[in-house]
There are 2 protein chains.
Amino acid sequence: MSQRLLINMDQLDIARNISLFSDLTENEKDSLLKEGGIYSYRSKECLFMEGDPIKFLYIVCDGLVQEFRQTADGRELTVNIHKKGDVFCKTEIFLNEGLHNTNAMAIDSAYVMELPIDKFKESLQKHKSVAQRLASSLARFAAMKQIEVEQQATMTSAQILALFLRQTCASHGLDPRGFSLPYKKSLIASRLGMKLETLSRALPKLKEQGITVKGSHVSFTDLKASGLAGLQAAARGNAVKFFPPSRKIREMAHAS
Amino acid sequence: MSQRLLINMDQLDIARNISLFSDLTENEKDSLLKEGGIYSYRSKECLFMEGDPIKFLYIVCDGLVQEFRQTADGRELTVNIHKKGDVFCKTEIFLNEGLHNTNAMAIDSAYVMELPIDKFKESLQKHKSVAQRLASSLARFAAMKQIEVEQQATMTSAQILALFLRQTCASHGLDPRGFSLPYKKSLIASRLGMKLETLSRALPKLKEQGITVKGSHVSFTDLKASGLAGLQAAARGNAVKFFPPSRKIREMAHAS
DNA sequence: CGGAAATTTGAGCAATTTCAACATGGGTGG
DNA sequence: CCACCCATGTTGAAATTGCTCAAATTTCCG
């Protein structure tokens, strides 16, 4: 199924330069990374499926990987789209049963470094910096998901889409004055928890927010805080319903 | 504003028994906890507000604390409701600027142990087990929020509410055959990202799922997998659109 | 140039929100 | 003990928003 991979130093360098390992010495990195291999995946090939045992930490060296879940009602919802330099299955390592609860599939074709988790866990033990950076990354992921919950609850699909486009542009380092979408629209819809039709209908509405989309070509016109305009317009004054923090009387806990 | 607190050993014990510190010796726990104090908060008193500098790790010793955010459009969305034994501001410690991005407010009155973050960070450095448990907890929080995103995208408000009630019942150790709601309905609505009216209208629909709510009294009739019935009914077969995982040809990365 | 996949569009429907009116229910002060 | 009040919750009706289904286009590839 999968293609044989010629060793490609560029791809290995991606793995060497991820921030998770940035405090390791070159030797430490090498001895960890040589435990893993870089694998090549064809378009739509699965890295793992829900219920599979968790064996690796994955580092995307090239291409894109979609991580998604089939929800109870048979829908496919994309948890995340991992791009070059992204590391995934960080969360799962700490979760209970050692089984994947998502599916991962290559979009187009992808090259992925797979690092056995037991080796990775060893390095977590050995190197405090790795553990610390992992925790940061988990915290950031949790905060991101929290914000997504809020967005889904309070924003219209057009607003969510606008934010996603800006964010995508920034995180891929694209030119805000004009770029082409790095993903298919159906993938974006799945990532944003909306239907393709909804996304399609949201696109024209983005003009009001200074985003023009034609086909897969996107350009931001109002380059600064245009995204905020919509939000601010929708904002209403509302009274603060709670007391401000007060001086607290501190009481030592007589431990021991 | 806040009441003076008589030292209460029960409350201190709550803090001593949280799982985050469960691998520490009694001495280690004591020397850490004596750095913090237990504070008393009146109903609706704030522990901190958005934008405040992050100073403490909080451990709820008694009562309830609502953690929430004012969204851009002026709505109030509850991130989490912390109950006795819960620890919060774990995530924030790892995030950038050292400022709170949520508000925390006592519901009714609450007793909260506040542990200076620099002291807590020291113990993270000193005790691997604390760091490990913190990471687990972050991972679990992230997974929970991910599931919430999915629920909001795929489930009806009645289903979401049903899940929340079951979960609440379990996590508070209440009797599923009949208990009263530990929170006000408006708080629940805010927690679930829906309007109070929507929640109110969803309540009668829960009967179909074997949950009876009258006033603030809840009882589960169909005690087993009743919650799944609705989901399964809504489920439809849909074809698998991707390839199963293939054998991969492994290629050693010639690191170094 | 086909044909399949991806996207767009239309029309009707379902769920949630909004706004407004109404009910309930503790608690307080007389 | 009761009348009253304010916070909380419920209900109705209209308006939004997103979803479903179906058909029409467009795009992508060989």
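Just the heavy atoms: all of them, side chains too, but no hydrogens, waters or symmetry mates, feed the values below.
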Undergrad: After noting the C-alpha distance and the side-chain angles of A:R69 and B:E150, does the key distance pass the salt bridge (charged side-chain N to carboxylate O under 4.0 Å, His left out) rule?
TA: CA-CA 9 Å; A:R69 191 171 343 212; B:E150 288 175 28; 2.8 Å; yes
Undergrad: Using only heavy-atom distances, decide whether a donor-acceptor pair under 3.5 angstrom links the side-chain of A:R201 to the base of D:dT20.
TA: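 Checked by distance alone, the answer is yes.
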Undergrad: A:Y58 and A:F48: aromatic ring centres closer than 6.0 Å?
TA: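 They qualify: ring centres under 6.0 Å apart.
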Undergrad: Based on the rotation axes of five pairs at each end, what angle does the helix from C:dC1-D:dG30 to C:dG30-D:dC1 bend through, to 10°?
TA: 40°
Undergrad: Could you pick out which residue, B:L196 or A:G215, lies toward the 5' side of DNA chain D when each is mapped onto its nearest nucleotide?
TA: B:L196
Undergrad: Give the minimum heavy-atom separation between B:D62 and B:K84, together with the two atoms involved.
TA: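 Closest pair (atom of B:D62, atom of B:K84, distance): OD1-CE, 3.2 Å.
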Undergrad: Would you say B:K185 places a side-chain N or O within less than 4.0 Å of OP1 or OP2 belonging to D:dT10?
TA: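 Indeed, a polar side-chain atom of B:K185 lies that close.
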Undergrad: What's A:L199 touching, base or sugar-phosphate or nothing? Going by heavy atoms closer than 4.0 Å.
TA: nothing
Undergrad: Using only side-chain N and O atoms of A:S157, determine if any of them is under 4.0 Å from OP1 or OP2 of D:dG18.
TA: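 Result: yes.
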Undergrad: Give a yes or no on this: more than 12 heavy atoms of other residues, nucleotides or ligands lie within 6.0 Å of atom NZ of B:K55.
TA: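 No - once you tally the heavy atoms of other residues, nucleotides and ligands closer than 6.0 Å, there are 12 at most.
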Undergrad: Would you mind telling me which residue lines up with the more 5' stretch of DNA chain C, A:S186 or A:A153, judged by nearest nucleotide?
TA: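 Closest to the 5' end, via its nearest nucleotide, is A:S186.
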Undergrad: Please report the closest heavy-atom contact between A:H82 and A:E67, naming both atoms and the distance.
TA: NE2-OE1, 2.6 Å
Undergrad: For a quick check of understanding: with a heavy-atom distance under 4.0 Å over all strands, which category does B:T198 fall into, base, sugar-phosphate or nothing?
TA: base
Undergrad: Under 4.0 Å from OP1 or OP2 of C:dT18: is there any side-chain N or O of B:K195 that close?
TA: yes
Undergrad: Hey, is CD on A:Q167 packed in by over 12 heavy atoms from elsewhere, all under 6.0 Å?
TA: no
Undergrad: Among D:dC19, C:dT9, C:dT18, which nucleotide has an atom closest to any side-chain atom of B:E197?
TA: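 Side chain of B:E197 sits closest to C:dT18.
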Undergrad: In terms of side-chain heavy atoms of B:S200, which of D:dT17, D:dT11, C:dT16 is nearest?
TA: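 Closest nucleotide among those given: D:dT11.
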